Undergrad: 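Just passing along the structure, written as structure tokens.
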Number of protein chains: 2
Amino acid sequence: MNLFGRKQKQTEAHNHIADDLSQKGLRMTPQRLMIVAAVENSTNHISAEEIYEQVIEKYPNVNISTVYRTLDTLAEMRLVTKTDLGDGRVRYHPADKGHHHHLVCRECGAIIDLDEKALTGIQATLLRDYNFIADLRHLGISGKCVKCNRQVVRET
Amino acid sequence: MNLFGRKQKQTEAHNHIADDLSQKGLRMTPQRLMIVAAVENSTNHISAEEIYEQVIEKYPNVNISTVYRTLDTLAEMRLVTKTDLGDGRVRYHPADKGHHHHLVCRECGAIIDLDEKALTGIQATLLRDYNFIADLRHLGISGKCVKCNRQVVRET
DNA sequence: TAAGATGATGCAACCCTTTGTAGTTGCATG
DNA sequence: CATGCAACTACAAAGGGTTGCATCATCTTA
Ligand SMILES: [Zn+2]
Ligand SMILES: [Zn+2]
Ligand SMILES: [Zn+2]
Ligand SMILES: [Zn+2]
């Protein structure tokens, strides 16, 4: 699976994204091609800075604001998700790759993976009772793991 | 109800917070007194900048980094919550005042209030199945309201 | 192909928040 | 008191991200 959920080669993939962009009156530029590839090829949650590093290897004069703007565009098109995993920078992820969430311990930074099914109930409730289409595709839920919780109890 | 959930006058209230701080080896300074009062007296979700404005009216040389550090301290003590309501700055709120959440439309900025009960189920699930104490006290859940969703459909 | 319109980018400036640090304040102990 | 220690603060600098704007690239239409 790639960024838009069809099985195909990278180049074809990019053509399809180009189509998606074109349908909205947007354009597939070399910068966007590189940025899409960086998110697509990352094994997991990549940051804007990391994407930027990859891009400037080929196009050294690309600006990081272009990276941020492109990522926002991709997020609006629902091709990537933006997630706060508690390390002070936003992480990006292909929207259709490995549906899941994360439980982030504020104390020790531990990250526990959470199946997406855990939130489908609340999503339906919010739609039915509040007429709201909540975006719960890739969340970082912050709190405390039991290990850190026990430590506090022991200290007291 | 005030910042620590007991019915009492402001001055007493501050003494109690002072006690809470003291138990952790921390001190109640004039700066902290002002910051606590600002959060406590705000009718709702106040920003660091707004707190800062109030504080410097009495102590003009207080620095905004002190405001941020104090708010973090209060958040760690679970006396205030930090919430992202999608307007580019964090909002602070007394933790025991009006338990609720917010549904934030990314399109039009509309904010729908959500009863805290809507998330008690998932909180229990996360604790039981994942041994994780999720902090779901005052969330801003982002997504799209039906009005904005209909607009997109109409355009297409 | 020319002209106009719209989208995209680089750059600089800015916004919100965090962090390092040196100096101060307050508490405890002798 | 004097001394020592830990907490606290102001200040400055930096970090992550956004925005305004002039310029550049691409598309449309004639
Ligand atoms: Zn993930
Ligand atoms: Zn932990
Ligand atoms: Zn609220
Ligand atoms: Zn809306």
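It should be emphasised that the depicted structure is a prediction, and the values quoted were computed from it without experimental measurement.
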Undergrad: Starting at atom CD1 of B:Ile35, determine the distance to atom P of C:dT17, rounded to an integer number of angstrom.
TA: 14 Å
Undergrad: Rounded to the nearest 0.5 Å, how far apart are CG of B:Leu26 and OG1 of B:Thr29?
TA: 10.5 Å
Undergrad: Testing A:Thr81, A:Leu79, A:Ile51 for side-chain contact (heavy atoms from CB on, under 4.5 Å) with A:Val39, which one passes?
TA: A:Ile51
Undergrad: Just checking B:Ile64: base, sugar-phosphate only, or nothing, at a heavy-atom cut-off of under 4.0 Å?
TA: nothing
Undergrad: Near B:Glu76 CD, under 6.0 Å, is it more than 12 heavy atoms from other residues, nucleotides or ligands?
TA: no
Undergrad: Nearest to the side chain of B:Arg27 - D:dC11, D:dG16, D:dC8?
TA: D:dC8
Undergrad: For the pair made of CD in A:Gln23 and P in C:dG7, what is the distance, rounded to whole Å?
TA: 16 Å
Undergrad: Rounding to a whole Å, what distance do you find between A:Leu33:CG and C:dA8:P?
TA: 14 Å
Undergrad: Which atoms form the tightest heavy-atom contact between A:Phe132 and B:Cys105, and what is the distance?
TA: CE1-N, 3.9 Å
Undergrad: Quick one: bend of the helix from C:dT1-D:dA30 to C:dG30-D:dC1 from 5 pairs per end, to 10°?
TA: 20°
Undergrad: To the closest 0.5 Å, what do you measure between OG (A:Ser142) and CG (A:Leu103)?
TA: 10.0 Å
Undergrad: Between B:His138 and B:His100, is the gap from one ring center to the other below 6.0 Å?
TA: yes
Undergrad: Got a sec? Which of residues 43-55 of chain B come in under 4.0 Å of DNA chain D, heavy atoms?
TA: none
Undergrad: So what does B:Arg32 hit on the nucleic acid, given a heavy-atom distance under 4.0 Å: a base, only sugar-phosphate, or nothing?
TA: sugar-phosphate
Undergrad: Can you measure B:Asn61 atom CG to D:dC11 atom C1' for me and round it to whole angstrom units?
TA: 11 Å
Undergrad: Could you tell me how far apart A:Asp87 (CG) and D:dG16 (C1') are, to the nearest whole angstrom?
TA: 11 Å
Undergrad: List the steps, then state whether side chain to side chain contact (heavy atoms under 4.5 Å, CB included) holds for A:Lys24 with A:Thr73.
TA: CA-CA 11 Å; A:Lys24 295 198 162 199; A:Thr73 301; over 6 Å; no
Undergrad: Quick one: B:Asp84 CG to C:dC16 P, roughly how many Å, whole number?
TA: 13 Å
Undergrad: Would you mind classifying the nucleic acid contact of A:Arg89 as base, sugar-phosphate or nothing, using non-hydrogen atoms under 4.0 angstrom?
TA: sugar-phosphate
Undergrad: Can you tell me how far C1' of D:dA7 sits from CG of B:Asp20, to the nearest Å?
TA: 17 Å
Undergrad: Does a side-chain N or O from B:Tyr68 land closer than 4.0 Å to OP1 or OP2 of C:dT18, or not?
TA: no
Undergrad: Name the closest nucleotide to the A:Arg69 side chain, picking from D:dG20, D:dT18, D:dG17.
TA: D:dG20
Undergrad: If every non-hydrogen atom of A:Asp115 is compared with every non-hydrogen atom of A:His101, which pair is closest and at what distance?
TA: O-CD2, 3.9 Å
Undergrad: Within this structure, what is the CD1-CG distance for the pair B:Ile122 and B:Leu136, rounded to the nearest 0.5 Å?
TA: 8.0 Å
Undergrad: Using atom CE of A:Met77 as one end and atom P of C:dA8 as the other, report the distance to the nearest whole Å.
TA: 10 Å
Undergrad: Let me spell it out: for each of B:Lys24 and B:Asn63, pick the nucleotide of DNA chain D with the closest heavy atom. Which residue's pick is nearer the 5' end?
TA: B:Lys24
Undergrad: Taking only N and O in the side chain of B:Ser65, is any of them less than 4.0 Å away from OP1 or OP2 of D:dC11?
TA: no
Undergrad: With a 4.0 Å cutoff (strictly under), does any side-chain N or O of B:Thr29 reach OP1 or OP2 of D:dC8?
TA: no
Undergrad: Apply side chain to side chain contact (heavy atoms under 4.5 Å, CB included) to the pair A:Asn131 and B:Asn149, showing each step before the final yes or no.
TA: CA-CA 10 Å; A:Asn131 280 322; B:Asn149 202 52; over 6 Å; no
Undergrad: Relative to the 5' end of DNA chain D, which residue comes earlier, B:Gly25 or B:Val62, by the nucleotide with the nearest heavy atom?
TA: B:Gly25
